[in-house]
**Student:** 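Below are the structure tokens for one structure; questions will follow.
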2 protein chains.
Amino acid sequence: MLRLSKKTDYALLAVRHLAANADRGAVSARELAETYDIPPELLAKVLQKLVRGRLLESQQGIRGGYALARAASAMSVADVIQAVDGPLMVTACSEEDHSCDQYSKCNIRDPLWRIKDRIIATLAATSVAELAMEMPAPLPPLPSGVMPMQMVKRP
Amino acid sequence: MLRLSKKTDYALLAVRHLAANADRGAVSARELAETYDIPPELLAKVLQKLVRGRLLESQQGIRGGYALARAASAMSVADVIQAVDGPLMVTACSEEDHSCDQYSKCNIRDPLWRIKDRIIATLAATSVAELAMEMPAPLPPLPSGVMPMQMVKRP
DNA sequence: CTAAGATGGACTAGTTCGGTCGGATATCCT
DNA sequence: AGGATATCCGACCGAACTAGTCCATCTTAG
Ligand code: SF4
Ligand code: SF4
């Protein structure tokens, strides 16, 4: 069904939270888990993967926690997905992995790979910063004549 | 991993084949399965789903088989995917299904839905006809009346 | 030292996916 | 008419993947 995993959802939720509260110091996994009702151990695992993917930095010890490793605007949702779920591919095959039974007779491979590249480009076009600046519901200083919906921007 | 299922792969393979050989009549499921080394019963199921999705027409009986229900240019890969794997969604939630535990506190829903729409647009932008007209590389020196490549005849 | 927090691996329950089987029905050919 | 070939449909099974859990270790502030 082309769905992205729950872990990825959790990762995006956490990363967005960290981006929105970047001024505060490190945020602990437990605090994050309680805020969004996520099983703490599972969230911890996801966060660790993000650290290994160089998207987050961790601070151990009693006042430890997680924080973004780089600016939210320089971090795309494609980065997050790949850090959590591994390299994303739409087909079972790839340039390296020819293990599909139909590989020799397949003639839809190239167009599908092109579609994959387009999807990755779509994912890479949305930065975490854009996620964080959504939902400004209690945002008083909204000048008149602003169309909040469907604001697609290209940084 | 955002991968599309094997059944979808089979469906695209079959649909592309039917589009490329549209001049011939109906093609049986077994012939298709043998051509691409696909388990026959499984391919049959996939083809049936495509029939239910109004993408193919089936002809029963001894000379039966499957054929495209409409022009290949009016059939996108998004149509094929949705016919086989159901409505494609990138998140577990949707406008109808709010059953996610984080739904009330989730603030990445809307941006993700926008990404989903863009992915669907990407998938809808590629028609089956485009798949079929790939790979015509060794076609130039072909006298009239000769079937193009992939003319597999069973003894 | 100790409490809070990160890290890592192993493990389990549940679900999905790829694949199989058996039977029913429709159509053509002799 | 009768048999051969084909689609159709539902139920079934084993393997693989997913979400979630448990535990044991390491690190650092106080
Ligand atoms: S069928 Fe073709 S595109 Fe799909 S996995 Fe196999 S080789 Fe790749
Ligand atoms: S976390 Fe948000 S986006 Fe993901 S499924 Fe739940 S409600 Fe939808």
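Protein chains get the first letters and strands the later ones, always in sequence-line order, with residue 1 at the start of each.
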**Student:** On DNA chain D, nearest-nucleotide positions of K6(A) versus Q59(B): which is more 5'?
**Tutor:** Q59(B)
**Student:** Can you check the L50(A) CG to dG8(C) P distance for me, whole Å?
**Tutor:** 13 Å
**Student:** At under 4.0 Å, does any side-chain N or O of R63(B) touch on OP1 or OP2 of dC29(C)?
**Tutor:** no
**Student:** Using a strict threshold of under 4.0 Å (side-chain N to carboxylate O), is an ion pair present between D85(A) and K7(A)?
**Tutor:** no
**Student:** Given atom CD1 of I62(B) and atom P of dT5(D), what is their separation to the nearest angstrom?
**Tutor:** 6 Å
**Student:** Output yes when at least one side-chain N/O atom of Y10(B) is less than 4.0 Å from OP1 or OP2 of dC17(C), else no.
**Tutor:** no
**Student:** Relative to each other, are the rings of H98(A) and Y103(A) parallel, tilted or perpendicular (30° and 60° limits)?
**Tutor:** parallel
**Student:** Tell me whether E57(A) is salt-bridged to R70(A), with the criterion being a basic N under 4.0 Å from an acidic carboxylate O.
**Tutor:** no
**Student:** Rounding to a whole Å, what distance do you find between E41(B):CD and dG23(C):C1'?
**Tutor:** 14 Å
**Student:** DNA chain C: Q60(A) or L4(B), which has the more 5' nearest nucleotide?
**Tutor:** Q60(A)
**Student:** Can a donor-acceptor pair under 3.5 Å be found between the side-chain atoms of K45(A) and the base atoms of dG9(C)?
**Tutor:** yes
**Student:** Given atom CG of L43(B) and atom P of dG18(C), what is their separation to the nearest angstrom?
**Tutor:** 13 Å
**Student:** When the distance from CG of D37(A) to C1' of dA19(D) is rounded to whole Å, what number comes out?
**Tutor:** 16 Å
**Student:** Checking contacts here: which listed nucleotide (dT7(D), dT20(C), dG5(C)) is nearest the side-chain heavy atoms of S28(A)?
**Tutor:** dG5(C)
**Student:** dT20(C) P sits how many Å from K7(B) NZ, rounded?
**Tutor:** 12 Å
**Student:** Go nucleotide by nucleotide along DNA chain D from the 5' end; which of S5(A) and E57(B) gets its closest nucleotide reached first?
**Tutor:** E57(B)
**Student:** At under 4.0 Å between heavy atoms, what does A44(B) touch on the DNA or RNA strands: base, sugar-phosphate, or nothing?
**Tutor:** nothing
**Student:** Less than 4.0 Å between a side-chain N and a carboxylate O, is that true for K45(A) and E41(A)?
**Tutor:** no
**Student:** Between dG8(C), dG18(C), dT7(D), which nucleotide gets closest to the side-chain atoms of R52(A)?
**Tutor:** dG8(C)
**Student:** Using whole Å, what does the distance between atom P of nucleotide dG20(D) and atom CD1 of I38(A) come to?
**Tutor:** 9 Å
**Student:** Do the side chains of W113(B) and M133(A) join up, straight or via other hydrophobic residues, at under 4.5 Å, putting them in one cluster?
**Tutor:** no
**Student:** Within less than 4.0 Å of OP1 or OP2 of dT7(C), is there a side-chain N or O belonging to S58(A)?
**Tutor:** yes
**Student:** Give the rounded distance in Å between these two atoms: CD1 of I81(B) and P of dC17(C).
**Tutor:** 14 Å
